[in-house]
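It should be emphasised that the depicted structure is a prediction, and the values quoted were computed from it without experimental measurement. Indexing begins at 1, ligand by ligand and atom by atom, following the structure's order.
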Amino acid sequence: MKKPIRKAIFPVGGLGTRFLPATKAMPKEMLPVVDKPLIQYALEEARAAGVEEFIFVTGRGKSAIEDHFDNSTELEQTLESRGKYELLDLMRSSMLEPGQVAYTRQQEPLGLGHAVWCARHLVGDEPFAVLLADDLVMAEEPCLAQMVEVYNEVGGNVVAVMDVPRDQTHRYGILDVIHDDGRIAEAQGLVEKPDPADAPSTLSIIGRYVLQPEVFRELDRQERGAGDEIQLTDAMSRTIGEVPFNGLRFEGTRFDCGSKEGFLEANVAFALQRPDLGADMAEIIERYAGLISRETRRVSSS
Ligand code: UTP
């Protein structure tokens with residue numbers, strides 16, 4: 001029996017520069033997809049995978065995240081007095097029990113590896129999950145739950161992976177694959193953001209990790225990697241040989257909500273899935289599709 005994954009780290013210390021000015025005073029992780037902030041999707045995914053302790057690594061200007069998961073007595077009383085019980089339940093579902101949540105601070109955004117390292121004392125000597133809220137996964141079985149199932153079989157480190165076009169490898173951590181059964185790929189090494197010509201494969205890590213605590217020992221070295229940042233990929237890579245490393249081709253669709261295109265697409269995809277909004281959204285898309293084709297005709301005929 002493998003040690004259970006009880007704790008999850010949510011690194012939310014990044015600057016979110018790609019969403020300025022929206023992210024000047026508001027954390028990127030609070031951007032809503034339809035009507036729910038990205039960070040709440042991530043938290044619900046962790047909860048569905050059995051996580052009981054939620055550790056947020058925050059930074060400057062991120063206090064809205066703490067408020068979001070806290071009681072809001074005034075708002076609750078108002079909803080109750082107006083008989084808005086459904087909304088009240090919805091609000092309460094995002095709250096965390098006392099002692100279930102911890103916040104620590106990354107004083108400087110020195111990279112994802114550094115953010116994870118900042119939570120080392122809160123995790124201690126046990127396996128844990130890391131979820132990046134800006135990678136949103138739409139799946140029948142939530143992505144982290146799929147990974148925990150695989151972890152329970154094979155142990156070690158398990159990350160979520162997907163195949164990307166070769167010209168995009170410079171945006172991801174890439175697996176150097178030693179064995180691949182089409183669903184689970186075992187790595188003998190990892191490279192962060194390689195040029196397409198140097199990439200050992202096109203199998204890319206997305207923002208979901210199940211990690212063994214050995215990674216903290218490597219992060220202790222505080223070595224800088226690609227982009228002069230302390231990279232989680234480098235620390236994970238150095239534990240290969242000691243800790244097995246497997247990538248799971250998860251079932252589902254991943255939206256890169258750290259980019260504008262990915263974020264907009266996620267809004268469309270999630271709205272289409274909603275019973276209360278799907279039909280309206282489909283009509284909106286049709287209307288705009290009509291406009292686009294007229295516009296295209298205009299361009300091509302001029
Ligand atoms: P990104 O690479 O998307 O960086 O981080 P960013 O700063 O958030 O956004 P841009 O590129 O400026 O628009 C990926 C994830 O790692 C976290 C981010 O919060 C995000 O969830 N992160 C990154 C940290 O927590 N600390 C860091 O030092 C860097």
Side-chain angles (χ1 to χ4, degrees), residues 7-33 37-46 54-66 68-69 102-120 122-123 128-137 143-144 159-162 164 168-174 190 192-194 204-209 211 215-216 219 221-236 254-266:
K7 299 183 181 180
I9 300 178
F10 302 86
V12 291
L15 297 175
T17 53
R18 281 171 290 172
F19 274 96
L20 282 169
T23 48
K24 187 178 172 209
M26 181 186 76
K28 167 173 80 170
E29 297 78 10
M30 286 300 292
L31 288 171
V33 165
L38 287 169
I39 191 67
Q40 192 176 334
Y41 286 96
L43 184 130
E44 288 173 2
E45 187 180 322
F54 306 86
I55 302 164
F56 296 85
V57 183
T58 70
R60 280 173 54 81
K62 301 282 180 167
S63 52
I65 295 176
E66 297 182 33
H68 184 73
F69 292 114
Y103 295 93
T104 187
R105 193 118 165 163
Q106 184 188 24
Q107 278 86 355
E108 266 183 290
L110 298 179
L112 178 59
H114 182 256
V116 169
W117 177 80
C118 287
R120 66 200 179 283
L122 293 165
V123 171
F128 59 99
V130 178
L131 295 96
L132 305 188
D134 44 11
D135 268 340
L136 180 57
V137 182
C143 184
L144 189 67
V159 297
V161 294
M162 61 181 213
V164 298
Q168 289 182 18
T169 56
H170 63 287
R171 293 168 49 190
Y172 298 92
I174 301 288
L190 305 169
E192 181 64 21
K193 301 191 169 68
S204 308
I205 303 176
I206 67 146
R208 298 286 183 281
Y209 311 78
L211 298 176
V215 76
F216 290 126
L219 288 170
R221 296 150 68 129
Q222 304 274 298
E223 271 178 28
R224 308 269 181 141
D228 201 30
E229 292 192 338
I230 299 170
Q231 297 287 356
L232 183 59
T233 307
D234 297 340
M236 293 186 305
R254 170 256 191 183
F255 300 93
D256 174 11
C257 292
S259 78
K260 289 180 192 114
E261 299 80 0
F263 174 72
L264 292 171
E265 188 183 344

One pair to check against salt bridge (charged side-chain N to carboxylate O under 4.0 Å, His left out): Asp134 and Lys28. What are the steps and the verdict? CA-CA 8 Å; Asp134 44 11; Lys28 167 173 80 170; 2.6 Å; yes
When you look at Leu211 and Phe216, which way does the side-chain contact (heavy atoms from CB on, under 4.5 Å) test go after all the steps? CA-CA 10 Å; Leu211 298 176; Phe216 290 126; over 6 Å; no
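The protein heavy atom nearest to atom 14 (C) of ligand 1 is Asp134 OD2, 4.0 Å. Atom 25 (O) of ligand 1 has Gly13 N, 2.9 Å as its closest protein atom, hydrogens excluded (heavy atom only). Protein heavy atom nearest atom 13 (O) of ligand 1, with residue, atom name and distance: Arg18 N, 2.8 Å. Looking at atom 4 (O) of ligand 1, its nearest protein heavy atom turns out to be Lys28 NZ, 4.1 Å. Scanning all protein heavy atoms for the shortest distance to atom 24 (C) of ligand 1 gives Gly14 N, 3.4 Å.
Rounding to the nearest 0.5 Å gives a distance of 9.5 Å between CZ of Arg18 and CD of Glu261. One distance of note links CD of Gln107 with CZ of Arg105; it measures 7.5 Å at 0.5 Å rounding. Rounding to the nearest 0.5 angstrom, the gap separating the CZ atom in Phe19 from the NZ atom in Lys260 is 7.0 Å.
No more than 12 heavy atoms of other residues, nucleotides or ligands sit less than 6.0 Å from atom CZ of Arg60.
Separation of the Tyr209 and Phe128 ring centroids does not fall under the 6.0 Å cut-off. A ring-centre distance under 6.0 Å is not found for Phe54 and Phe69.
Neither the backbone nor the side chain of Val57 has any atom closer than 4.0 Å to an atom of ligand 1 (non-hydrogen atoms only). Counting heavy atoms under 4.0 Å from ligand 1, residue His114 does not touch it at all. In Thr17, the parts holding a heavy atom less than 4.0 Å from any atom of ligand 1 are both the side chain and the backbone. Of the heavy atoms in Pro11, both backbone and side-chain atoms come closer than 4.0 Å to ligand 1.
Any N or O atom pair closer than 3.5 Å counts here, and Leu15 shares at least one such pair with ligand 1. Inclusion of Leu132 in the set of residues having an N or O under 3.5 Å from an N or O of ligand 1 is not warranted. At a 3.5 angstrom cut-off on N or O pairs, Gly16 counts as close to ligand 1. Considering backbone and side-chain N/O of Gly111, one or more are found under 3.5 Å from N/O of ligand 1. Considering backbone and side-chain N/O atoms, Leu112 never comes within less than 3.5 Å of an N/O atom of ligand 1.
For ligand 1 and Pro109, the ligand atoms under 4.0 Å from any heavy atom of the residue are 28 (O). Listed by atom number, the atoms of ligand 1 under 4.0 Å from Gln106 heavy atoms are 24 (C), 25 (O), 26 (N), 27 (C), 28 (O). Using a 4.0 Å cut-off to heavy atoms of Glu29, the atoms of ligand 1 that qualify are 19 (O), 21 (O).
You'll find the side chain of Val116 reaches within 4.5 Å of the side chain of Leu219, heavy atoms only.
Side-chain N/O atoms of His114 and Glu229 include no donor and acceptor closer than 3.5 Å.
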